[in-house]
Peer 1: 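Just passing along the structure, written as structure tokens.
Chain letters run A, B, ... following the sequence lines, proteins first and then strands; every chain starts at 1.
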Amino acid sequence: MPELPEVEVTRLSFAQAIQGAVVMAVTMGKPLRWPLGCDVAFLTGCRVLGVGRRGKYLLIELDQGWLLVHLGMSGSLRFAKQLPPVGIHDHFEMVTTQGILRLNDPRRFGAVVYVQSLTDALAVKLLGQLGMEPLSESFDLKLFASGLRQRKTTIKQVLMAGDLVVGVGNIYASEALFMAAIRPTVSAADLSRIRVVRLHAAIKDVLARAVEKGGSTLKDFSSANGQAGYFQLEAMVYGRANMPCKRCDSTIQMIRQGQRSTFYCPVCQKH
DNA sequence: AGAAAATCCTGGTGGC
DNA sequence: TGCCACCAGGATTTTC
């Protein structure tokens, strides 16, 4: 499930290679979450200036606008000079002078959206509510702490919401809370100062390590050059229900929070 | 009104 | 084998 590390690994794997390319043709398969927002023919002739990221969105900068790409929960991009024939789950393809960029997304919760500018209403709607970037200088401890104090729900659900800090999905929320020794069910507003400091550091640490490991490949994630990720092998709690804690041997618990699975160690994470 | 909770979208999987 | 419940991320809708 692409979270921030998987999206960043994807970006790093093709940003250089596609920079400067000129679009020769764009084709689409089945509808994604939202319509493209422009005629595919309009994109022909556009030049790719670079690839950025905001939260879990990839921002492909063109000389005449932007493509916002979201991988949803089952999307992955490939970029290569040659690719296998288009498959049934390939729903966006952009042939350029430097290679083919293709989105494979079985569940089609992902999207590719064209906007003229990042100040367009649609771009603001998609990007405007996003919280701080955890791997940038903007991830400020004081703002994080004050944000948490204002929330009336559990810490796990605040991390997942994405309006305080972006990019922490289901895997890394459980992992960061384990690292910080915080129980996922604790009210965000009730976290002590020391726990907030630990959590702030744990989020940065777990996401940075996941990027280094190429992300987590649970089913079929791979970067745009086809590399699988290996962080899942380092997961301390995610997906380990009823297995022994790697730190203390207690049995890892799985609970539901807001329709989602949460994993934690009842001994390592007391409050 | 604003925050939190529920719902919905889709296809792969596992259990029976 | 076929059927069906279940699961996933997050925008959108509903509830409180």
Side-chain angles (χ1 to χ4, degrees), chain A residues 1-10 28-37 53-59 68-77 87-92 103-113 115 120-134 146-177 184-190 203 207 210 215-222 229 231-232 235 237-242 254-263:
Chain A
M1 315 304 121
E3 303 179 28
L4 186 148
E6 290 74 33
V7 177
E8 180 64 7
V9 165
T10 296
M28 300 209 61
K30 289 186 184 176
L32 294 164
R33 180 187 279 274
W34 302 296
L36 179 59
R53 181 186 57 75
R54 179 74 178 97
K56 300 180 190 175
Y57 285 88
L58 285 168
L59 312 176
L68 312 184
V69 180
H70 199 292
L71 300 178
M73 55 181 279
S74 61
S76 60
L77 283 177
I88 56 168
H89 297 313
D90 295 326
H91 301 304
F92 175 86
L103 174 69
N104 180 276
D105 187 1
R107 308 284 159 76
R108 294 191 283 124
F109 284 20
V112 181
V113 174
V115 292
D120 282 9
L122 182 55
V124 169
K125 188 178 79 173
L126 295 177
L127 306 175
Q129 302 304 312
L130 297 180
M132 294 181 279
E133 282 290 336
S146 63
L148 291 178
R149 278 196 298 274
Q150 294 171 246
R151 306 298 289 256
K152 295 207 182 318
T153 187
T154 66
I155 183 57
K156 162 76 162 20
Q157 290 176 285
V158 173
L159 294 183
M160 296 280 291
D163 51 357
L164 182 58
V165 55
V166 291
V168 185
N170 213 34
I171 299 172
Y172 300 110
S174 282
E175 291 300 312
L177 287 165
T185 49
V186 174
S187 157
D190 291 346
I203 289 168
L207 293 177
S216 295
T217 297
L218 294 186
K219 284 202 171 69
D220 50 13
F221 167 78
S222 65
F231 186 79
Q232 72 281 3
V237 289
Y238 184 82
R240 305 193 69 248
N242 300 317
M254 182 177 88
I255 57 172
R256 306 287 296 175
Q257 290 183 285
Q259 324 290 78
R260 277 178 171 67
S261 320
T262 299
F263 301 86

Peer 1: Would you please confirm or rule out a distance under 4.0 Å between OP1 or OP2 of B:dG2 and any side-chain N or O of A:K152?
Peer 2: no

Peer 1: Round to the nearest Å and state the distance from A:R256 atom CZ to B:dA6 atom P.
Peer 2: 12 Å

Peer 1: Which is true for A:R151 with a 4.0 Å heavy-atom rule: it touches a base, it touches only sugar-phosphate, or it touches nothing?
Peer 2: sugar-phosphate

Peer 1: Give the rounded distance in Å between these two atoms: CZ of A:R107 and C1' of C:dC7.
Peer 2: 8 Å

Peer 1: Would you say C:dG10 has OP1 or OP2 under 4.0 Å from some side-chain N or O of A:Y57?
Peer 2: no

Peer 1: A:D105 and A:G75: which non-hydrogen atoms are nearest, and at how many Å?
Peer 2: OD1-N, 3.5 Å

Peer 1: If the threshold is 4.0 Å, N to carboxylate O, is there a salt bridge linking A:R54 and A:E133?
Peer 2: yes

Peer 1: Any side-chain donor paired with an acceptor under 3.5 Å for A:T262 and A:R256?
Peer 2: no

Peer 1: Just how far, in rounded Å, is C1' of C:dA11 from CE of A:M160?
Peer 2: 13 Å

Peer 1: In Å, rounded to the nearest 0.5 Å, how long is the span from CG of A:L58 to CG of A:L68?
Peer 2: 9.5 Å

Peer 1: Could you tell me how far apart A:R33 (CZ) and C:dT13 (P) are, to the nearest whole angstrom?
Peer 2: 11 Å

Peer 1: OP1, OP2 of C:dA8 versus side-chain N and O of A:S74: anything below 4.0 Å?
Peer 2: no

Peer 1: Please state how far atom CG in A:D163 lies from atom P in C:dA11, giving the value in whole angstrom units.
Peer 2: 10 Å

Peer 1: If the cut-off is 4.0 Å, is A:R108 near the phosphate of B:dG11, judged by side-chain N/O to OP1 or OP2?
Peer 2: yes

Peer 1: Do any side-chain nitrogens or oxygens of A:K30 fall under 4.0 Å of OP1 or OP2 in B:dG11?
Peer 2: yes

Peer 1: Start at the 5' end of DNA chain B and walk down; is the nucleotide closest to A:F109 or to A:Q157 reached first?
Peer 2: A:Q157

Peer 1: Is any side-chain nitrogen or oxygen of A:T153 closer than 4.0 Å to OP1 or OP2 of B:dA3?
Peer 2: no

Peer 1: Nearest-Å distance, NE2 (A:H70) to P (C:dT12)?
Peer 2: 11 Å

Peer 1: Ignoring backbone atoms, establish whether A:H89 has a side-chain N or O less than 4.0 Å from OP1 or OP2 of B:dT10.
Peer 2: no

Peer 1: A:Q259 has an atom CD; how far is it from atom P of B:dA5, in whole Å?
Peer 2: 11 Å

Peer 1: Among A:V158, A:L207, A:L4, find the one that has a side-chain contact (heavy atoms from CB on, under 4.5 Å) with A:V168.
Peer 2: A:L207

Peer 1: Quickly work out the A:L32 CG to B:dC8 P distance and round it to whole Å.
Peer 2: 22 Å

